[in-house]
Amino acid sequence: MPRDLHPRLLRSFTAVAETLHFGRAAEQLHLAQQAVSRDVQALERELGCALFHRSTRSVELTETGEQLLPKARQLLELQAEITAFGDTRALLVDVNSAGGPDGELTAEQVLTAARTLRPDADLLARYHNGLTAAARELTAHRLDASFGRYAGLPAAVRSRLAHTPVRLERMAVFLPLDHPLAALPAVPLAALAGHPVDVLAGQPGTAEWTDLGLRLLAEHGLTPTAGRTPPVGAAEFARYLTRHGSPVLTTVDGPRIPGGIARPLVDPVPLSLLGLVHRPELRHPGLTALRTAAARLAADHQWLRRPPGSWLPTEDAALLPG
């Protein structure tokens, strides 16, 4: 059976071999001299041979030590290349959908800020439309990060993903321009009685959003529409809206669609918690930049401040900081 050899032992050996001094090697490695001595002794025990001739005045490599040095350097260089590999590859970031002429959506704002923080990191946008669809790609290692309602994912999926709260987004309904509620500046939830609301129940990739919508409607005595085949793209959504004429649940800052208008929901104000989701073991400078950018934007714009009297499911509220 091959034996495991910790790279730290080779690192201490190489530093001593290059400086021929345990004290200077320890300074170079930012370690205590005793720790370097222990590492070298452990390596000698592992290999079963002496690597240095030691005296009170000098340290010299043995013949075995001279033979080992180039191999140790080669192995440490290979380890550095492997460690750096994760830093240099592109980070695939799902931002759900692209914004329109009115500006970037929340996920896009975070991505833009992260790119500014780390212009050297390659962050590539992807568009999976919903976190349920993106979660399958995350757990299959075909995607690195996404945004959406983490609490709406199945528990087995949540257990494999890490979550950082980003923003409490106000919910709204998207209405055809000729809808009787379109003239209101804001739509009280009670005003939706008699107007079945489309929560995109026919779109399996956004099941976490449908779950949120169904909870909201059920708690306020409102009715959802039947599941329908969902549209793809702004033009198709405009046709979908005209054909069916139902209010569609969205967010205040959601994409704008021709032929319709978004109206915020009130009394109470329903909220959706958008989070940054990724695999917990992922290490990448782009992910660090995403998390930093999200935290800064949340602090600057009070994205995570919950308005008094607002509506948010208990499991979502439990994810909020502090």
Side-chain angles (χ1 to χ4, degrees), residues 1-93 110-111 113-124 141 144-145 161-164 276-299 321-322:
M1 284 286 292
R3 294 172 294 179
D4 291 333
L5 189 64
H6 200 291
R8 187 191 70 249
L9 306 185
L10 293 176
R11 200 171 292 112
S12 291
F13 160 73
T14 302
V16 175
E18 291 175 345
T19 61
L20 295 178
H21 194 284
F22 279 83
R24 286 196 291 272
E27 290 177 6
Q28 183 182 101
L29 296 172
H30 303 288
L31 295 173
Q33 184 173 332
Q34 288 181 334
V36 174
S37 296
R38 283 197 302 269
D39 285 347
V40 171
Q41 290 169 5
L43 182 60
E44 288 178 325
R45 285 196 302 273
E46 186 69 27
L47 299 179
C49 57
L51 300 173
F52 295 99
H53 297 298
R54 303 167 177 82
S55 71
T56 55
R57 294 184 178 181
S58 66
V59 176
E60 295 181 358
L61 280 165
T62 63
E63 183 177 348
T64 303
E66 289 178 350
Q67 293 173 353
L68 178 62
L69 182 57
K71 296 181 183 297
R73 285 171 173 158
Q74 184 179 15
L75 186 58
L76 290 172
E77 289 173 1
L78 181 59
Q79 185 204 22
E81 289 180 16
I82 293 172
T83 302
F85 176 77
D87 293 348
T88 56
R89 72 173 182 86
L91 191 78
L92 303 182
V93 184
V110 174
L111 178 59
R115 285 169 169 166
T116 301
L117 286 173
R118 286 300 301 261
D120 57 316
D122 191 8
L123 292 93
L124 297 181
H141 292 244
D144 297 307
L161 297 171
H163 171 261
T164 302
L276 170 62
V277 182
H278 59 87
R279 294 184 303 280
E281 75 279 6
L282 180 63
R283 300 291 181 272
H284 192 287
L287 176 61
T288 302
L290 281 173
R291 297 183 68 174
T292 301
R296 290 182 181 178
L297 286 167

pair [X]-[Y]: side-chain heavy atoms closer than 4.5 Å:
X     : Y      : value
Leu10 : Asp39  : no
Leu91 : Leu290 : yes
Phe13 : Leu61  : yes

Leu29 and Val36: side chain to side chain contact (heavy atoms under 4.5 Å, CB included), yes or no, with the steps?
-> CA-CA 9 Å; Leu29 296 172; Val36 174; 4.2 Å; yes

Between His284 (side chain) and Arg89 (backbone), is there a donor-acceptor pair under 3.5 Å?
->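 Yes: the side chain of His284 pairs with the backbone of Arg89.
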
Looking only at atom types and distance, does a side-chain atom of His6 sit under 3.5 Å from a main-chain N or O of Leu9, one as donor and one as acceptor?
->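 Flag not set: sc His6 to bb Leu9 has no pair under 3.5 Å.
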
Please report the closest heavy-atom contact between [X] and [Y], naming both atoms and the distance.
X      : Y      : value
Arg24  : Leu20  : NH2-O, 4.5 Å
Leu51  : Thr64  : CD2-CG2, 4.1 Å
Phe52  : Val16  : CZ-CG1, 3.5 Å
Leu123 : Ala114 : CD2-CB, 4.3 Å
Asp144 : His278 : O-CB, 3.3 Å
Ala113 : Leu297 : CB-CD1, 4.2 Å

Any ion pair linking Glu44 and Arg54 (charged N to carboxylate O, less than 4.0 Å)?
->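 Result for this pair is yes, salt bridge flagged.
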
Arg115/Asp120 salt bridge by N-O under 4.0 Å criterion =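 Answer for the salt bridge query: no.
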
May I have the step-by-step check of side chain to side chain contact (heavy atoms under 4.5 Å, CB included) for Arg11 and Leu76, ending in yes or no?
-> CA-CA 7 Å; Arg11 200 171 292 112; Leu76 290 172; 4.1 Å; yes

Give, for atom [atom1] of [X] and atom [atom2] of [Y], the distance between the pair rounded to the nearest 0.5 Å.
X      : Y      : atom1 : atom2 : answer
Arg38  : Ser12  : CZ    : OG    : 10.0 Å
Leu287 : Thr164 : CG    : OG1   : 8.0 Å
Arg118 : Thr292 : CZ    : OG1   : 10.0 Å
Ser37  : Leu31  : OG    : CG    : 11.0 Å
Glu66  : Glu60  : CD    : CD    : 9.0 Å

Could you check Leu276 against Arg291 for side chain to side chain contact (heavy atoms under 4.5 Å, CB included), going step by step and ending with a plain yes or no?
-> CA-CA 8 Å; Leu276 170 62; Arg291 297 183 68 174; 3.7 Å; yes

Answer yes or no: does atom CZ of Arg279 have more than 12 heavy-atom neighbours from other residues, nucleotides or ligands under 6.0 Å?
->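 Yes, the 6.0 Å shell around CZ holds more than 12 heavy atoms from other groups.
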
Name the atoms and distances for all side-chain donor-acceptor pairs under 3.5 Å in residues 67-75, with sequence neighbours left out.
| unit_1 | atom_1 | unit_2 | atom_2 | d |
| --- | --- | --- | --- | --- |
| Arg73 | NE | Glu18 | OE2 | 3.0 |
| Arg73 | NH2 | Glu18 | OE2 | 3.2 |

